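So the structure is just underneath, and the comments pick up after that.
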Amino acid sequence: MSFSFFRVLRPKTPQEVAKSIKDSLMALDTKTVVEVKALEKALEEVEKNFATMKCMLCGDGEAEPNVDQVSQLAVEICKEDVLALLIHKLSILGWEARKDLVHCWSILLRQKVDSTYCCVEYIENHFELLDFLVVCYDNKEIALNCGNMLRNCIKFPTLAKYILESASFELFFKFVELPNFDVASDAFSTFKDLLTRHGKVVSEFLTAHYDEFFDLYEKLLTSSSYVTRRQSLKLLSEFLLEPPNSQIMKRYIIEVRFLKVMMTLLRDSSKNIQISAFHIFKVFVANPNKPREIKVILAKNHERLLELLHNLSGGKGHYTFSLVFDFDSRLTLNTYKLG
């Protein structure tokens, strides 16, 4: 007679994993959260289920993940509304569970089922989840997790387009200047992705919301924070000079107020900011269709501008400039070289 003291556990199916995750997250209700022991037990169950999900999505270190199971898990997670629960319960989860969640989130979004990214499609039908993730920058405990999840969402044009056009997008102009440096830096990374990842989407957004956007952006360029000024100035160069934004750039460089901003930044105490400002300033000058107001400002300030531009070289000869005026007050920056 033989006895088996250890029963081999059957691996959970994708349906069972999704259901277990849902049940454990649903258990984190108001009553459980206020009871320490009950909360600890519930969180342990969530962590265990997240570990199972991660193993199914990534493999166990010895065997590669089963492609069919990964796809089925993504489908079941959408079917059970687990994606929404993952976001809404994020602030209650422990550090390890949040780390696993962020890792699994990026994998789930990339899963294609019948030529469709099922998790992306789910979010497209629940766009409010993106608003929730953006607002989470106000919670420093989960801000970096949410930022990572947002940037994975922004890889998809439809999700990036929604965030750009939503009311929550304006919050980024506040978040990039939060006192917590790590959170502010993460928010700026997400802000940058929104403005640079999908050229056509960004161009359409800037065309439709030109005045509102650049009114807010001017405040970043004139911020009292050195980090904000430098980052926003560098980012401005990046997205203005993108080919899809050529019409936006042409509109930007005929506005007097923006020329004045660049001239002010040329006088910044930071050499790095001066150099970044120069790269945009020279586009104003090189524009063959400068409005009269721009010509007049440049003509009135040409001596001071020459002095500022020559000082950028720091005596190392990295720059050569020639500002030339003709009888019609046309000004050109004949030569410029950045070493």
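Computed over heavy atoms, backbone and side chain alike; hydrogens, waters and symmetry mates excluded. From a predicted model like this one, the values you see are computed outputs, not experimental measurements.
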Original post:
Which pair of non-hydrogen atoms, one from Ser270 and one from Tyr226, has the smallest distance, and what is that distance?
Top reply: OG-CE1, 3.2 Å
**OP:** Flag the pair Lys89 and Asp29 as a salt bridge only when some basic side-chain nitrogen lies within less than 4.0 angstrom of an acidic carboxylate oxygen.
**Re:** no
Original post:
What are the two closest heavy atoms between Gly147 and Tyr137, and how far apart are they?
Top reply: CA-OH, 3.2 Å
**OP:** Could you check Arg267 against Gln274 for side chain to side chain contact (heavy atoms under 4.5 Å, CB included), going step by step and ending with a plain yes or no?
**Re:** CA-CA 7 Å; Arg267 300 197 306 270; Gln274 290 176 358; 5.9 Å; no
**OP:** Please round to the nearest 0.5 Å and tell me the distance separating atom NE2 of His198 and atom CG of Asp193.
**Re:** 8.5 Å
**OP:** Determine yes or no for a side-chain-to-main-chain donor-acceptor pair under 3.5 angstrom, with Ser24 supplying the side chain and Ile21 the backbone.
**Re:** yes
Original post:
Is it true that a side-chain atom of Ser246 and a backbone atom of Glu242 form a donor plus acceptor pair closer than 3.5 Å?
Top reply: no
**OP:** To the nearest 0.5 Å, tell me how far Leu109 CG sits from Cys104 SG.
**Re:** 11.0 Å
Original post:
Shared ILVMFWY cluster between Leu164 and Met149, side chains joined below 4.5 angstrom?
Top reply: yes
**OP:** Could you please spell out the steps behind the side chain to side chain contact (heavy atoms under 4.5 Å, CB included) verdict for Leu28 and Leu39?
**Re:** CA-CA 7 Å; Leu28 297 173; Leu39 177 59; 3.9 Å; yes
**OP:** Take Thr116 and Glu121, measure what side-chain hydrogen bond (donor to acceptor under 3.5 Å, both in side chains) needs, and give me the verdict at the end.
**Re:** CA-CA 8 Å; Thr116 300; Glu121 187 175 60; 4.9 Å; no
Original post:
Quick one: does Ser166's side chain have a donor or acceptor within less than 3.5 Å of a partner on Ile163's backbone?
Top reply: yes
Original post:
Within the side chain of Arg98, is there an N or O that forms a donor-acceptor pair under 3.5 Å with the backbone of Leu93?
Top reply: yes
Original post:
Just how far is it from atom CD1 of Ile275 to atom CG of Asp268, taken to the nearest 0.5 Å?
Top reply: 11.5 Å
Subject >> Val202 and Asn245, any side-chain heavy atoms less than 4.5 Å apart >> reply: yes
Original post:
Checking side chain to side chain contact (heavy atoms under 4.5 Å, CB included) for the pair Leu108/Tyr122: CA distance, chi angles, key distance, verdict?
Top reply: CA-CA 11 Å; Leu108 288 168; Tyr122 180 91; over 6 Å; no
**OP:** List the atom of Val70, the atom of Pro65, and the distance in Å for their closest heavy-atom pair.
**Re:** CG2-CB, 3.9 Å
Original post:
So, does Ser20 use its side chain to make a donor-acceptor pair with the main chain of Asn49 at under 3.5 Å?
Top reply: no
Original post:
So, Glu307 and Arg304, do they make that salt bridge, N to O below 4.0 Å?
Top reply: yes
Original post:
In the single-linkage hydrophobic clustering (I, L, V, M, F, W, Y; side-chain heavy atoms under 4.5 Å), do Phe156 and Val113 co-cluster?
Top reply: no
Subject >> Within 6.0 Å of CD in Glu170, more than 12 heavy atoms from elsewhere >> reply: no
Original post:
Hey, are Asp186 and Lys140 close enough for a salt bridge, meaning a charged N less than 4.0 Å from a carboxylate O?
Top reply: no
Original post:
Around Glu212, counting heavy atoms of other residues, nucleotides and ligands shown, do more than 12 lie under 6.0 Å from its CD?
Top reply: yes
**OP:** Could you tell me how the ring of Phe169 sits relative to the ring of Phe172: parallel (under 30°), tilted (30 to 60°) or perpendicular (over 60°)?
**Re:** tilted
**OP:** Grab the two heavy atoms, one from Ser168 and one from Val134, that are nearest each other, plus how far apart they are.
**Re:** O-CG1, 3.7 Å
Original post:
Would you say Ile280 and Phe284 make side-chain contact, with heavy atoms under 4.5 Å?
Top reply: yes
Original post:
Does some side-chain heavy atom of Leu129 sit less than 4.5 Å from a side-chain heavy atom of His126?
Top reply: yes
**OP:** Specify the closest pair of heavy atoms between Thr207 and Arg251, including all atoms of both residues, with the distance to one decimal.
**Re:** O-NH1, 4.5 Å
**OP:** With rounding to the nearest 0.5 Å, note down the distance linking CD1 in Ile248 to CZ in Phe205.
**Re:** 10.0 Å
**OP:** Begin from the C-alpha positions of Ser223 and Glu177 and carry the test side-chain hydrogen bond (donor to acceptor under 3.5 Å, both in side chains) through to its verdict.
**Re:** CA-CA 9 Å; Ser223 168; Glu177 294 208 88; 2.5 Å; yes
Subject >> Minimum heavy-atom distance between Met262 and Tyr252, given as atom pair plus value >> reply: CE-OH, 3.7 Å
Original post:
Does Leu206 offer a backbone N or O that forms a donor-acceptor pair with the side chain of His209 under 3.5 Å?
Top reply: no
Subject >> Leu298 and Leu259, any side-chain heavy atoms less than 4.5 Å apart >> reply: yes
Subject >> Test log, rule side-chain hydrogen bond (donor to acceptor under 3.5 Å, both in side chains), inputs Ser106 and Asn152 >> reply: CA-CA 6 Å; Ser106 64; Asn152 276 293; 4.5 Å; no
**OP:** For the pair Glu76 and Lys19, find out whether any cationic side-chain nitrogen is under 4.0 Å from an anionic carboxylate oxygen.
**Re:** no
**OP:** Using only heavy-atom distances, determine whether the side chains of Arg151 and Thr190 contain a donor-acceptor pair under 3.5 Å.
**Re:** yes
**OP:** Considering only NZ, NE, NH1 and NH2 on the basic side and carboxylate oxygens on the acidic side, decide whether Glu40 and Lys37 come within less than 4.0 Å.
**Re:** no
Original post:
In terms of side-chain geometry, is the basic nitrogen of Lys22 or Asp81 positioned less than 4.0 Å from the acidic oxygen of its partner?
Top reply: no
Original post:
Out of curiosity, Thr228 OG1 to Phe173 CZ, how far, rounded to the nearest 0.5 Å?
Top reply: 12.0 Å
Original post:
Does the pair Leu266 and Leu305 meet the rule for a side chain to side chain contact (heavy atoms under 4.5 Å, CB included), with working shown?
Top reply: CA-CA 9 Å; Leu266 282 172; Leu305 285 168; 4.2 Å; yes
Original post:
Should the heavy atoms of other residues, nucleotides or ligands under 6.0 Å from NZ of Lys12 be counted, would the total exceed 12?
Top reply: yes
Subject >> N/O donor-acceptor pair under 3.5 Å between Lys290 side chain and Asn287 backbone >> reply: yes
Original post:
Do Ile273 and Leu233 have side-chain heavy atoms sitting under 4.5 Å apart?
Top reply: yes
Original post:
Thinking salt bridges, do Glu165 and Lys161 make one under a 4.0 Å N-O criterion?
Top reply: yes
**OP:** Over 60° means perpendicular and under 30° means parallel, so classify the ring planes of Phe258 and Tyr210, tilted if in between.
**Re:** perpendicular
**OP:** Look at Glu44 together with Lys41 and state whether they make a salt bridge at an N to O cut-off of under 4.0 Å.
**Re:** no
Original post:
Can any side-chain N or O of Asp100 pair as donor or acceptor with the backbone N or O of Phe50 at less than 3.5 Å?
Top reply: no
Original post:
Under 4.5 Å between side-chain heavy atoms, hopping through other hydrophobics if needed: is there a path connecting Val75 to Ile123?
Top reply: no
Subject >> Side-chain touch Leu220/Arg229, heavy atoms, less than 4.5 angstrom >> reply: no
Subject >> Min side-chain heavy-atom separation Ser276-Ser237 under 4.5 Å >> reply: no
Original post:
Just how far is it from atom CG of Leu73 to atom CE of Met53, taken to the nearest 0.5 Å?
Top reply: 7.5 Å
Original post:
Would you call the rings of Tyr217 and Phe191 parallel, tilted or perpendicular, where under 30° means parallel and over 60° means perpendicular?
Top reply: parallel
Original post:
Is a donor on one side and an acceptor on the other found under 3.5 Å between the side chain of Ser71 and the backbone of Val67?
Top reply: yes
**OP:** Could you check if a side-chain atom of Gln231 sits within less than 4.5 angstrom of a side-chain atom of Val176, using non-hydrogen atoms only?
**Re:** no
Original post:
Is the CG atom of Asp114 crowded by more than 12 outside heavy atoms at less than 6.0 Å?
Top reply: no
Original post:
With no hydrogens and no angle check, is any side-chain donor or acceptor of Ser203 less than 3.5 Å from a backbone partner on Gly199?
Top reply: no
